[in-house]
Number of protein chains: 2
Amino acid sequence: MTDKNQRHVTMGDVADRVGVSRTTVSFVLSDRPGANIPAETRRRVLEAVRELGYRPNAAAKSLASQRTHLIGLVTEIATAPFAGAIIKGAQEQAWKDGKLLLIVSAERDRQVEDAAVETMLERRVEGILYATTWHRAVTPPAGAGEVPTVLVNCFDVEGRYPSIVPDEAQGGYDATRRLIDAGHRRIAFIALDPEIPATVGRREGYERALLEAGIEPDETLVVPGYADAEGGYARAHELLALPEPPTGIFCGNDRMAMGAYDAVKERGLRIGHDVGLVGFDNQEIIAGYLRPGLTTVALPFEEMGARAVQMLTESPSASGAFAPLLTHCPLVERASA
Amino acid sequence: MTDKNQRHVTMGDVADRVGVSRTTVSFVLSDRPGANIPAETRRRVLEAVRELGYRPNAAAKSLASQRTHLIGLVTEIATAPFAGAIIKGAQEQAWKDGKLLLIVSAERDRQVEDAAVETMLERRVEGILYATTWHRAVTPPAGAGEVPTVLVNCFDVEGRYPSIVPDEAQGGYDATRRLIDAGHRRIAFIALDPEIPATVGRREGYERALLEAGIEPDETLVVPGYADAEGGYARAHELLALPEPPTGIFCGNDRMAMGAYDAVKERGLRIGHDVGLVGFDNQEIIAGYLRPGLTTVALPFEEMGARAVQMLTESPSASGAFAPLLTHCPLVERASA
DNA sequence: CTGAAAGCGCTAACAC
DNA sequence: GTGTTAGCGCTTTCAG
């Protein structure tokens with residue numbers, strides 16, 4: 001329809017059309033404070049803009065103003081049922097702030113990550129978000145740090161970068177607390193890999209909740225499992241076969257809980273009645289569709305993504321090292337506990 | 001560490017350092033064909049670049065060269081277990097082509113979509129991808145079309161834009177075929193909303209497979225269900241209660257299949273033996289963790305994302321209207337059929 | 001083989 | 001109030 005490959009309309013064209021200078025056009029378009037443009041001139045400029053279909057050129061603007069309003073996001077999208085949520089949160093916050101997100105997925109490939117950051121720096125991004133799919137320690141790509149950088153769902157062991165992560169301990173506490181409130185006293189914890197922050201934190205919360213309720217933690221009720229349905233199934237069966245079996249089970253994640261459901265059902269027990277089950281992650285597709293619905297703890301991906309964008313422009317840096325900012329993990333109550 | 005807020009090193013700085021002109025620097029950095037730069041000069045330039053930590057300014061480059069190597073992606077990320085895959089496919093292909101993806105999620109909000117496209121055009125993107133979470137007809141945002149645009153997982157009713165969608169019919173055919181090959185003759189289809197392209201296509205494939213195998217389609221075996229686990233559960237129960245129940249069930253999606261599992265199990269039948277089950281979507285988290293594993297058809301999101309990026313630079317446009325490009329939906333065999 | 005010079009489209013002092 | 005002017009950092013013809 002319209003001129004596709006014809007040269008773009010420039011600010012000068014608009015100025016000519018109205019019979020004013022480019023400065024004037026620039027001023028009305030950027031609503032420059034302290035530029036008293038008569039209403040009539042302003043109107044005519046805007047009109048010309050519309051008629052001519054003028055569209056500012058961001059590159060020219062960036063070059064002249066030295067501002068790009070671009071934020072780079074480096075992440076591992078592949079393995080991610082979750083990454084989408086981080087992107088969404090970050091994107092929406094950025095959009096609100098009038099910024100745009102430049103995204104590149106570097107699947108844990110240091111080469112690609114470095115190249116990605118390099119490219120972003122050439123693009124003069126005003127900040128970089130480095131996000132991971134699961135909570136862990138990382139060493140951010142070279143080049144990050146030349147602009148404000150925030151780590152999302154991960155942290156730098158040396159604390160050189162601000163970072164935002166889920167409050168695993170609080171989540172573990174709330175999950176366990178839920179079981180306690182439902183009347184359970186023997187509560188098991190089917191853990192993930194004992195090394196990772198998620199496990200450490202969740203277990204810490206689990207034990208604190210127990211202690212607070214006057215329940216002595218029982219080592220035999222804390223078992224590590226392979227982080228999927230099979231793992232949850234196997235561990236749950238073992239736990240339920242114990243001489244003094246638990247009546248409440250806190251599963252390291254929803255996938256394990258999914259397996260635990262099968263185990264509980266196979267033993268003829270009713271979930272939510274005979275045995276209470278709580279998961280972690282709130283993977284809608286599991287938690288929401290399991291029958292009965294799985295009570296679980298949600299990972300605040302969207303919120304972390306959004307907050308991270310805000311952090312980019314906040315407090316440039318505290319003096320020493322950065323402690324990860326903990327984000328609340330809300331308990332999502334359904335019917336399993 | 002390094003100069004953070006100091007002015008950036010420019011090409012001129014590099015030129016001065018080496019004692020050549022900016023042109024020369026530009027030529028060696030862009031490997032300009034037909035610019036016979038002596039190896040020694042070239043080496044010295046590269047060295048100076050490294051020493052000075054020179055980083056080209058993309059905005060300046062874009063302004064001068066009138067190329068941005070930017071591709072815009074407008075999508076609805078929220079509702080998406082899938083969107084991530086499209087982004088990933090598109091991102092990786094773009095990266096390979098030396099392009100960057102500008103992403104904005106517009107949750108089916110026309111206002112936001114239009115604004116997003118507008119912003120992208122200001123950014124002078126060289127192409128726009130408009131992707132949806134589920135296969136459907138759309139009317140692309142205003143402004144798209146001013147640059148090459150490709151619709152992903154959706155299509156324009158009027159065929160004004162090239163688009164790429166899943167080959168639903170082929171998927172439905174393969175799914176049904178799988179059941180037939182497993183020896184089933186009475187095969188039911190629990191459909192999604194009968195209006196949507198997914199249902200229409202999958203059903204078409206289902207019937208074609210039946211016919212080809214000499215099986216007369218039986219209307220009573222085709223039932224619409226609410227597209228979630230509850231829906232699948234309910235419909236499966238009804239089907240299995242029929243005087244002449246099906247032994248094979250093709251479920252409109254994996255969530256429904258998930259519900260069907262429960263129904264089949266409750267009737268004391270064994271999945272994969274007494275009754276064959278096939279889903280659609282290949283949602284890893286369901287299909288892979290259900291026990292036994294669910295045989296299903298995968299939606300080629302990554303491939304569509306990647307192909308779409310390629311399409312952007314291909315055949316500018318055929319003459320008349322565009323027919324959606326069908327993408328193969330691979331059957332993923334597990335144990336349920 | 002390399003340099004001078006003219007833009008690319010816009011911003012922002014500084015004048016008028 | 002509005003115009004002049006000098007860049008922003010790079011590409012690219014055109015000379016030499």
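Chain letters run A, B, ... following the sequence lines, proteins first and then strands; every chain starts at 1. From a predicted model like this one, the values you see are computed outputs, not experimental measurements.
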[N] [atom2] sits how many Å from [X] [atom1], rounded?
X	N	atom1	atom2	answer
B:Arg124	C:dG9	CZ	C1'	9 Å
A:Arg44	D:dG1	CZ	P	16 Å
A:Met11	C:dA12	CE	P	11 Å
B:Asn57	D:dC10	CG	P	6 Å
B:Glu122	C:dC10	CD	P	10 Å
B:Leu63	C:dC8	CG	P	9 Å
B:Arg22	C:dA5	CZ	P	12 Å
A:Phe27	D:dG3	CZ	P	11 Å

If only side-chain N and O atoms of [X] are considered, is one of them under 4.0 Å from the OP1 or OP2 phosphate oxygen of [N]?
X	N	answer
A:Arg123	D:dG9	no
A:Ser65	C:dT11	no
A:Thr10	C:dG9	no
B:Thr23	D:dT12	no
A:Gln66	D:dG9	yes
B:Ser21	C:dG3	yes
A:Ser62	C:dC10	no

Please state whether the base of C:dT11 and the side chain of A:Ser30 form at least one donor-acceptor pair under 3.5 Å?
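Such a pair does not exist between side chain and base.
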Under 3.5 Å donor-acceptor pair, B:Arg32 side-chain atoms to D:dT12 base atoms:
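Donor-acceptor pair under 3.5 Å: no.
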Apply the side chain to side chain contact (heavy atoms under 4.5 Å, CB included) test between B:Val165 and each candidate in B:Pro324, B:Pro197, B:Cys154; give the one that qualifies.
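The option that passes is B:Pro324.
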At 4.0 Å (heavy atoms only), tell me whether B:Ser26 reaches a base, stays on the sugar-phosphate, or touches nothing.
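Base, at least one base atom sits under 4.0 Å.
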Are A:Glu122 and B:Asn57 packed together at the side-chain level, in the sense that at least one heavy-atom pair is separated by less than 4.5 angstrom?
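A:Glu122 vs B:Asn57: side chains apart.
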Can you establish whether the number of heavy atoms outside B:Gln111 located under 6.0 Å from its atom CD is more than 12?
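Open.
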Minimum heavy-atom separation for A:Val117 and A:Gly143, please, with both atom names.
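Nearest pair, atom of A:Val117 first, then A:Gly143: CG1-C, 3.7 Å.
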Checking B:Arg22 against B:Asp13 for the salt bridge (charged side-chain N to carboxylate O under 4.0 Å, His left out) test, could you report, in this order, the C-alpha distance in whole Å, the side-chain angles of both residues, the deciding distance, and whether it holds?
CA-CA 9 Å; B:Arg22 278 151 53 204; B:Asp13 297 332; over 6 Å; no
Closest-nucleotide mapping onto DNA chain C: is B:Ile37 or A:Ala64 further toward the 5' terminus? I mean the 5' end.
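The residue whose closest nucleotide sits nearer the 5' end is B:Ile37.
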